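Before any comments, here is the structure.
A, B, ... follow the sequence lines: proteins, then strands. Residue 1 opens every chain. All values reported here derive from a predicted model rather than from experimental measurement.
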4 protein chains.
Amino acid sequence: MVRSSNERSRRRRDAQRDLILRAAARLFRDRGVADTGMREIAAAADLSPANLYYYFKGKDEILFYCQDRALDSMLAAVAGAKRGRGSVAARLDGVLRTHVSTLLGEVDGASAHLLVDALPPPLRVRIVAKRDRYERAVRGLVAAGVRSGEFATASPALVTRAMLGALNMTVLWFRPDGAASATDVGRELAQYLVRGLHIHSAA
Amino acid sequence: MVRSSNERSRRRRDAQRDLILRAAARLFRDRGVADTGMREIAAAADLSPANLYYYFKGKDEILFYCQDRALDSMLAAVAGAKRGRGSVAARLDGVLRTHVSTLLGEVDGASAHLLVDALPPPLRVRIVAKRDRYERAVRGLVAAGVRSGEFATASPALVTRAMLGALNMTVLWFRPDGAASATDVGRELAQYLVRGLHIHSAA
Amino acid sequence: MVRSSNERSRRRRDAQRDLILRAAARLFRDRGVADTGMREIAAAADLSPANLYYYFKGKDEILFYCQDRALDSMLAAVAGAKRGRGSVAARLDGVLRTHVSTLLGEVDGASAHLLVDALPPPLRVRIVAKRDRYERAVRGLVAAGVRSGEFATASPALVTRAMLGALNMTVLWFRPDGAASATDVGRELAQYLVRGLHIHSAA
Amino acid sequence: MVRSSNERSRRRRDAQRDLILRAAARLFRDRGVADTGMREIAAAADLSPANLYYYFKGKDEILFYCQDRALDSMLAAVAGAKRGRGSVAARLDGVLRTHVSTLLGEVDGASAHLLVDALPPPLRVRIVAKRDRYERAVRGLVAAGVRSGEFATASPALVTRAMLGALNMTVLWFRPDGAASATDVGRELAQYLVRGLHIHSAA
DNA sequence: TATGAATGAGATTTCATTCAT
DNA sequence: TATGAATGAAATCTCATTCAT
């Protein structure tokens, strides 16, 4: 009985945390970290500002988990791609599309690369480490394509950053009510960015 | 005599303004707008905080001119490319390289796309207008390549944003003391981003 | 329970707002608006400066409510006088005495006419409108006396302003610990100012 | 030669001081002391802000002389009235009219009673002393009328303050381009305020 | 769990005044 | 005499965070 009561309350707590993180991620993405106050997060999550501190240590921790969850989703995609079959191009294409839908979607919605600098050092190093892990995985996919003869690039590291940069910047202009859906945007961008890696005749 | 005194003092004033803008642009780029206080700008420019207000109306105006100057430099490059001869690819390549060197260089050093949201509406509309003018010009170059048969893309608008996004994100990771110089970065990125526009066999 | 908690907290909040307004009105009256800082208001209300902003949007709003409440009190008096019986002179006398006790009293204590210019335009128009409504009502009383044959004046508007001006200036010299009480002052001034309206033999 | 050069320069200096005082008085009256900056005074006097300090020690001294000169003008009028012949009523009427034209006129234009509190103590006591001298003189005129049987009032001090208060408040609403000229306003107000002192039948 | 109230630290900005020329 | 440039002090206000309940 006590056990189940604890579990029920833990579940409720987790649900609240989730709710807060979604609300915060959306605000961070739409208005920027600096322009999003705890009061606004609280209002969006239908809580009092003070009550946020029962669920999170502070604004930094909220920001941290926003990015952490987004990176987890991206890491899962790239891990799947690594194990997957099919051409490297097709697998990379999938990773990039997931990246965009993670950024622009309603579920996670925190741009992992843009907000890192807003974190205080102790938390930042953890996000940077995870972000680097993700970046390395993507770069590994690019390099695999080069090894397999599908791709040609002199600088996989730079090109990887370019790809991710192009994707991350979408949060600054994407509007859910626009002509192109998040899926559309992901498809088009992935196509363009992967195409630039292919070997082709024209220099 | 009076004339020369006026001119000399105007020149000094302009020089100070320039100095302040350089210092501010560097700080905005390196630490973010929100985390850069007037105190820090003043310290970087070797002035008292109050003295900044002799040269600029406030922080917003400083930020405005940072972006305005960067955009002027980029607009000049794209205007030159429009009139230029040679393949569209080569001209676009030049525009993108100038974009990177403007962003990362010591001279202008303000990331034109990232900071727009930090401006108050009256100034923001002016920067957004100029930024859009630049974006349209780049998009026009892409479209020209499509018309001439050099390029193939289904969505010039999206691709243009991807290109510029990839370039703008460099300010988040570029370090002047790193292995690759700003010129190197510009060259490699431009090559990759233009390559993705070319017609080629593989899908 | 929730209901009563809400009510109790609303009551506490209103009480604090009232306390702050009293403290501020007294300072504004005694030292002038410009020379009264938020720190001083906070100290007088036994709060931290930052805490004032929990109750009011800013200094302007505090000033606004000071004047607004004083005008409400004056308007109530003049409305009562309009409906009242007895000679116009007696009723006008009552209005003027209330005016003085409102200005000099501990309850409201904001000089309604002197401080208007310190308000920013959006708030100023609202106070000016209310002040004008009050002034028109007093002038109406004067005009009624003229119509009834009690008073004689060539310019009710000017005379009304003179009366109110004479009353408002009391805040500049009245001291609560002086020989004359606020009531005394009101009585004497009202008598003098009404007397000037009466028809009499000497020119 | 040296002598005449000194005199010429002293004359120019005095002329500049006069110009500055006029400009300042007008601004103080129209916008309030707190809202009038040295930069504005300088602009109105066609000088650089720094140059004001050649002619005056600072803002306080400018304010001091504004009030000092206005009081001198008023004192002259009341001194003349004291020595004058005719009814006390007529002489008091003249004093009040001069008071108004001093306040509202282009020549002096500083309201002596409203601005006293903006002065620092050392200067304030001097103005207060002079202002009190003026007030006493006016009160003396009132008392003389009582003694001569022209006037009836129980409290000459209070009534004098009421009269001066009514006059001083004109600066808050008088507009030179309005229907009534400064002379009109002075005439009407003096008439009303003196009338209240007269003995008459109605109570 | 939840919240109304409170606060310290720090932000931008203003302004009378001064200084070097 | 005159001024462009500089500054210290103080103002209002914001905000993440905490405390008492």
Applying the Watson-Crick and G-U criteria (both distances under 3.5 angstrom) with [ ] for crossing and | for other-strand pairs, one obtains for DNA chain E .||||||||||||||||||||
Name every residue in residues 47-56 of chain C that has at least one heavy atom under 4.0 Å from any atom of DNA chain F, in order of residue number, or write none if there are no such residues.
->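 Residues of residues 47-56 of chain C under 4.0 Å from DNA chain F: Ala50(C), Tyr53(C).
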Please report, rounded to the nearest Å, how far the [atom2] atom of [N] is from the [atom1] atom of [X].
X        : N       : atom1 : atom2 : result
Arg39(C) : dT12(F) : CZ    : P     : 7 Å
Asp46(B) : dT7(F)  : CG    : C1'   : 14 Å
Asp60(C) : dC13(F) : CG    : C1'   : 11 Å

Pairs under 3.5 angstrom only: tabulate donor-acceptor contacts from the side chains of residues 40-52 of chain C to other protein residues two or more places apart or in another chain.
unit_1, atom_1, unit_2, atom_2, d
Glu40(C), OE1, Gly37(C), N, 2.9
Glu40(C), OE2, Arg31(C), NE, 3.2
Glu40(C), OE2, Arg31(C), NH2, 2.9
Ser48(C), OG, Asn51(C), N, 3.3

So what does Arg13(C) touch, heavy atoms closer than 4.0 Å: a base, only the sugar-phosphate, or nothing?
->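 Sugar-phosphate, backbone atoms only, no base.
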Atom [atom1] in [X], atom [atom2] in [Y]: separation rounded to 0.5 Å?
X        : Y         : atom1 : atom2 : answer
Glu61(C) : Tyr53(C)  : CD    : OH    : 11.0 Å
Leu63(B) : Phe56(B)  : CG    : CZ    : 11.5 Å
Gln67(B) : Arg131(B) : CD    : CZ    : 9.0 Å
Asp35(B) : Asp30(B)  : CG    : CG    : 12.0 Å

Assign each of Lys59(A) and Gln16(D) to its nearest nucleotide of DNA chain F by heavy atoms, then name whichever residue's nucleotide is nearer the 5' end.
->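 Residue closer to the 5' terminus by nearest nucleotide: Gln16(D).
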So, do Arg29(C) and Leu115(C) sit near enough that their side-chain heavy atoms are less than 4.5 Å apart?
->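 Answer no - side chains too far apart.
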Using chain C heavy atoms and a threshold of under 4.0 Å, write down where along DNA chain E the contacts begin and end, 5' to 3'.
-> dG4(E) to dG8(E)
5' precedence on DNA chain E between Val33(D) and Gly58(B) (nearest-nucleotide basis) =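 Looking at DNA chain E, the more 5' nearest nucleotide goes with Gly58(B).
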Return the set of residues passing side-chain contact (heavy atoms from CB on, under 4.5 Å) with Val125(D) (not counting sequence neighbours), or none when no residue passes.
->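 Partners of Val125(D) by the side-chain contact (heavy atoms from CB on, under 4.5 Å) criterion come out as none, since no residue qualifies.
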Output all residues satisfying side-chain contact (heavy atoms from CB on, under 4.5 Å) with Phe64(D), sequence neighbours left out; order by chain, then residue number.
->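 Partners of Phe64(D) by the side-chain contact (heavy atoms from CB on, under 4.5 Å) criterion, ordered by chain and then number, come out as Asp68(D), Leu119(D), Leu123(D), Arg126(D), Ile127(D).
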Taking the same atom, P, in dT1(E) and in dT21(F), what whole-Å distance lies between them?
->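 Nearest-Å result for dT1(E) against dT21(F) at atom P: 22 Å.
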Does Arg11(C) have any salt bridge (Lys or Arg N to Asp or Glu O under 4.0 Å) partners at least two apart in sequence or in another chain, and if so, which?
->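 Result, salt bridge (Lys or Arg N to Asp or Glu O under 4.0 Å) vs Arg11(C): Glu7(C).
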Mind checking what makes salt bridge (Lys or Arg N to Asp or Glu O under 4.0 Å) contact with Lys59(D), not counting sequence neighbours?
-> none
Which pairs would a plain distance check flag for residues 13-20 of chain B, meaning a side-chain donor or acceptor within less than 3.5 Å of a matching protein atom at least two apart in sequence or in another chain?
unit_1, atom_1, unit_2, atom_2, d
Arg17(B), NH1, Tyr55(B), O, 2.8
Asp18(B), OD1, Arg69(B), NH1, 2.6
Asp18(B), OD1, Arg69(B), NH2, 3.4
Asp18(B), OD2, Arg22(B), NE, 2.9
Asp18(B), OD2, Arg22(B), NH2, 2.9

